[in-house]
Amino acid sequence: NVYPEAADRQRFVDRLQRRLEAIPGVAAATVASSLPMMDVGDYLYEVEGRPVPDKVYPWAWVTWVAPSYFDTFRFTPIAGRAFNAQDDVDAPAVAVVSASFAHSTWPQGNAIGQRIRVNPNQPEGAWATIVGIVPDTVQGQFDDGNEPEAIYLALAQDPSAFLSFAVRTQGDPYAYADAVRAAVRE
């Protein structure tokens, strides 16, 4: 691992994002632990205040994302807000959830302000307060039957060792491939 410490990983993420955004013709860029349709990232979670019989926790797709993730993929929050620069390692843990996650978990109420914890079997896991709800998107494969229930966590609060990036371009994306490769290699 080139960046074994979380702070080093976050500095790399910040530098990479700035380099990608500086490429002429790139409309938006983001970094995340996985991207839509990558079919990775299912984790157990728990909801604060709800007992879990026999510790059989439910699961959802979980992705750690940069604040630019929702803008890059044009996922406008349905309620609440997306992540911002203040959602860093020194701030209280926050989460954004998909509409289907919010509805299935709180069918009679609002998910905003509720708290969830990913990896509940790990005692150091932080409770994250839900600050936003975004539209559903396919997390796995189109035909795999998985529900689009998703939890998004702020990458700056827990920088992942495994990262993917995405750019939205103003033209043919293949025309930007060399510039993107160079930005990643810098």
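Everything numeric in this text was worked out from a predicted model, so none of it was measured.
- No side-chain donor from either of Gln17 and Thr30 sits under 3.5 Å from a side-chain acceptor of the other.
- Using bins of under 30°, 30° to 60° and over 60° for the plane-to-plane angle, the ring pair Tyr43/Trp64 lands in the perpendicular bin.
- Here the side chains of Asp42 and Val62 are not in contact, with every heavy-atom distance at 4.5 Å or above.
- Below 30°, between 30° and 60°, or above 60°: for Tyr69 and Phe73 the angle between ring planes is between 30° and 60°, a tilted geometry.
- Remark: side-chain polar atoms of Glu48 are not paired, donor with acceptor, to backbone N or O of Trp127 under 3.5 angstrom.
- For the atom pair CG of Leu20 and CD of Glu186, the computed distance is 9.5 Å after rounding to the nearest 0.5 Å.
- A continuous path of ILVMFWY side-chain contacts below 4.5 Å connects Trp59 to Val52, so both sit in one hydrophobic cluster.
- Between atom OG1 of residue Thr137 and atom CZ of residue Arg74 there is a gap of 14.0 Å, rounded to the nearest 0.5 Å.
- Looking at Ser68, its side chain does come within 3.5 Å of a backbone N or O of Ala29 through a donor-acceptor pair.
- Side-chain contact check for Val31 versus Leu155: some heavy-atom pair is nearer than 4.5 Å.
- In this structure, Tyr45 and Arg117 have side chains that are not in contact, with every pair of non-hydrogen atoms separated by 4.5 Å or more.
- Tyr152 is listed as a side-chain neighbour of Val134, based on a closest heavy-atom distance under 4.5 Å.
- With rounding to the nearest 0.5 Å, the separation of OG1 in Thr105 from CD in Glu149 is 6.0 Å.
- Looking at residues two or more places apart in sequence or on another chain, you find a side-chain contact (heavy atoms from CB on, under 4.5 Å) between Arg18 and Asp14, Arg15.
- In this structure, the side chains of Leu153 and Thr63 stay at 4.5 Å or more apart for every pair of heavy atoms.
- In terms of heavy atoms, Ile23 sits closest to Ala183 at CD1-CB, 4.2 Å.
- Counting heavy atoms from C-beta on, the side chains of His103 and Phe101 never come closer than 4.5 Å.
- For the pair Leu44 and Pro120, the tightest heavy-atom approach, listed with the atom from each and the gap, is O-CD, 3.5 Å.
- Looking only at side-chain heavy atoms (C-beta outward), Ile112 and Thr129 stay at 4.5 Å or farther from each other.
- Counting only residues at least two apart or on different chains, the side-chain hydrogen bond (donor to acceptor under 3.5 Å, both in side chains) pairs with a member in residues 165-180 are Asp178-Arg181.
- Here the closest heavy-atom approach between residue Arg81 and residue Val96 is recorded as O-CG2, 3.7 Å.
- Nearest heavy atoms, Ala166 versus Thr72: O-CG2, 4.1 Å.
- Minimum heavy-atom separation, Ile151 to Ala95: CG2-CB, 4.4 Å.
- No donor-acceptor pair closer than 3.5 Å links the side chain of Asp136 to the backbone N or O of Ser98.
- Of the possible donor and acceptor atoms, one in the side chain of Asn84 sits under 3.5 Å from a partner among the backbone N and O of Gln86.
- Counting only heavy atoms from C-beta outward, the side chains of Arg115 and Ile130 never approach each other to under 4.5 Å.
- The nearest pair of heavy atoms linking Ala126 to Ala93 is CB-CB, 4.2 Å.
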